[in-house]
Amino acid sequence: NFNINNDIRSLCRQGHLKEALSILNNNAHYNSIDSSTYVSLLQVCIQNKSNALPYAKLIHAHIHLKGFMFNKSVGNTLVNVYAKCGSLAEAQKVFEKMPYRDVCSWSIMISAYSTHGLPKEALELFHQMRKIGPKPNHFTFASILPVCASLGCLEEGMQIHEEIKGLGFERDQFVGNALVDFYAKCGNLEDACKVFDKMPRRDKVSWTILIRVYFQKGCIREALELFGKMPQRD
RNA sequence: CGUGCAUAGUGG
């Protein structure tokens with residue numbers, strides 16, 4: 001039983017979804033599959049997101065049957081799988097029916113709306129989270145900032161920035177990049193640079209964001225100059 | 001009962 005889980009997980013690690021699933025379907029150890037194994041199976045679906053939706057549904061059925069929806073990791077991963085495999089409707093359904101929605105669940109769903117080109121819905125959900133959900137964290141903020149940018153919500157984004165500062169999330173790489181991009185997309189190049197300059201670490205994404213804005217504005221000189229300062233440019 | 005493993009975020 002230890003081994004059946006390890007076997008499935010190792011097949012998952014190698015990306016062999018069908019082999020892993022055949023164990024899940026045929027085996028007498030059916031009752032011994034644990035929550036972490038279900039998560040691994042779902043992860044492989046995400047890796048093969050272009051054609052894994054039917055497999056995700058199959059795994060979902062198992063999970064439902066075994067009562068593993070009560071496991072947070074499993075539930076959250078399931079929402080993510082549906083979103084990533086292209087079924088926003090299913091993701092939504094699972095999200096709404098989950099026994100517990102933690103900050104991770106909310107963040108996944110917000111990001112799902114955003115990814116599917118529904119920023120208004122993403123922002124609405126964020127507002128609902130404010131009212132009835134857990135406190136947003138750095139993951140949530142990194143997901144909501146692009147939403148504010150795409151909706152042109154400069155004011156709200158700036159308020160969120162203040163909140164981020166207060167919580168010390170400005171140092172998070174993803175949040176920092178999202179902030180630079182937010183200001184850049186809102187046409188506030190000054191604040192974009194301010195955040196960029198304050199960053200404790202700048203990665204490829206940070207540089208790309210800023211260089212791109214300069215190009216888009218037609219400031220070729222500045223763009224090239226920045227590019228020249230970039231540490232690891234390839 | 002204990003242990004190990006397993007879930008979300010930024011630009012193009």
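Since we're looking at a predicted model, the values are computed, not measured. Chain A is the first sequence line, chain B the second, and so forth, proteins listed ahead of strands; every chain is numbered from 1.
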Report yes if a side-chain nitrogen or oxygen of A:Q43 is closer than 4.0 Å to either non-bridging phosphate oxygen (OP1 or OP2) of B:U7; otherwise report no.
yes
Have a look at A:S73 and say if it touches a base, only the backbone sugar-phosphate, or nothing, with a 4.0 Å heavy-atom cut-off.
base
A:K84 vs B:U7: side-chain N/O to OP1/OP2 distance below 4.0 Å
no
Hey, are A:R130 and A:E163 close enough for a salt bridge, meaning a charged N less than 4.0 Å from a carboxylate O?
yes
Would you indicate what A:D102 reaches in the nucleic acid, counting non-hydrogen atoms under 4.0 angstrom: base, sugar-phosphate, or nothing?
nothing
How are the rings of A:F70 and A:Y100 set to each other: parallel, tilted or perpendicular (split at 30° and 60°)?
perpendicular
Any side-chain N or O of A:K185 under 4.0 Å from OP1/OP2 of B:G12?
yes
Under the ring pair (Phe, Tyr, Trp, His ring centres under 6.0 Å) test, residues paired with A:F126 that sit two or more places apart:
none
From CZ of A:F139 across to P of B:U10 the rounded distance in Å is 10 Å
The criterion is side-chain contact (heavy atoms from CB on, under 4.5 Å); which residues satisfy it with A:A52, sequence neighbours excluded?
A:C45, A:N48, A:Y55, A:C85
Once you round it to whole Å, what is the distance between P of B:U7 and CZ of A:F95?
20 Å
Got a sec? Which of residues 147-158 of chain A come in under 4.0 Å of RNA chain B, heavy atoms?
none
